[in-house]
Amino acid sequence: MSTTLAATLTAAIAGTFKKDVDFNDLQAVQNLGLTVATAYANGTGANQANQVWTDERTLADAASETLDLAGSLVDEFGGTVTFTAIKAFLIQNESADAFLLFEPGDTNGFTGPFADASDQLKIPPGGCLLLTNPTAAGWAVTAGTGDIIKLSHDGTGSNTLTYKIAIIGID
């Protein structure tokens, strides 16, 4: 049985920015339209991917978990997902009052978009993170030595933190 993937990641900021002019009814209006879209066709080259993993997960207060990108994730069809490269991460922190920390996992950390293994991104309450790498190589995943990401509840705010995560890549 074969699987195929077709996906489009879209991020947009749209709206207007208005400022009243002193002693006048005139307004300066600026269009804030910015849209970035990346379409992924099925495959392993540039702007291509063939694997996706999504989940909604919950962390207890100050808890953390590691996700193994090369062999422990299970997709919606019950199959094991083993990434060799990552093309995109989308992570939504659904907490109203706690930060979600995203970082390479300890000794076998996936550093992909990070400068080094000690880097950490803080996703604020209600915030999201979208990282893309549509190049042919993507961010390499090395099974056993560079395949672990860590997500943590920062220990502030509510007792639990729920987040949604989607990963697109190559198997």
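Predicted, not measured: the structure shown is a model, and the values here were computed from it.
Screening residues 68-91 for side-chain hydrogen bond (donor to acceptor under 3.5 Å, both in side chains) gives T54-E76 as the qualifying pairs, with residues at least two apart or on separate chains. Applying the salt bridge (Lys or Arg N to Asp or Glu O under 4.0 Å) rule to pairs touching residues 89-99 yields E94-K164, sequence neighbours excluded. Under the salt bridge (Lys or Arg N to Asp or Glu O under 4.0 Å) criterion, no residue pair touches residues 107-123, with sequence neighbours excluded. Residue pairs meeting the ring-ring contact (aromatic ring centres under 6.0 Å, His included) criterion with at least one partner in residues 116-149, sequence neighbours excluded, are absent.
Side-chain contact check for S152 versus E103: some heavy-atom pair is nearer than 4.5 Å. Inter-residue side-chain proximity for L151 and I91 is flagged as met; some heavy-atom pair is nearer than 4.5 Å. With a 4.5 Å cut-off on side-chain heavy atoms, L101 and L121 do not count as touching. Side-chain atoms of I148 and L67, non-hydrogen and from C-beta on, never get closer than 4.5 Å to each other. Taking 4.5 Å as the limit, every side-chain heavy atom of L129 sits out of range of all side-chain heavy atoms of Y163. Under the 4.5 Å side-chain criterion, counting only non-hydrogen atoms from C-beta, L59 is not in contact with T160. Residues F99 and I123 form no side-chain contact, since every pair of their non-hydrogen atoms from C-beta on lies 4.5 Å or further apart. Side-chain contact between F83 and D171 is absent, with no heavy-atom pair separated by less than 4.5 Å.
The shortest heavy-atom contact between N93 and P124 is ND2-O, 3.2 Å. Among all heavy-atom pairs drawn from Q92 and C128, the shortest one is OE1-CB, 3.3 Å. In this structure, D147 and A70 approach most closely via the heavy-atom pair OD2-CB, 3.5 Å.
Here CD1 of I86 is found 13.0 Å from OG1 of T132. Values are rounded to the nearest 0.5 Å.
With 3.5 Å as the limit, one finds no donor-acceptor pair spanning the side chains of N42 and N50.
Looking at N47, its side chain never comes within 3.5 Å of a backbone N or O of T135 through a donor-acceptor pair. Here the side chain of Q51 pairs no donor or acceptor atom with the backbone of V81 at under 3.5 angstrom.
The other members of the hydrophobic cluster of I168, by chain and number, are L5, L9, Y40, V52, L90, L130 (side-chain heavy atoms under 4.5 Å, ILVMFWY only).
Residues I149 and I170 are members of separate hydrophobic clusters, defined by side-chain heavy-atom contacts under 4.5 angstrom among Ile, Leu, Val, Met, Phe, Trp and Tyr.
Applying the salt bridge (Lys or Arg N to Asp or Glu O under 4.0 Å) test to D55 and every residue at least two apart in sequence or in another chain returns R57.
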Going through the distances and angles, do I167 and I165 end up as a side-chain contact (heavy atoms from CB on, under 4.5 Å)?
CA-CA 7 Å; I167 304 170; I165 183 168; 4.1 Å; yes
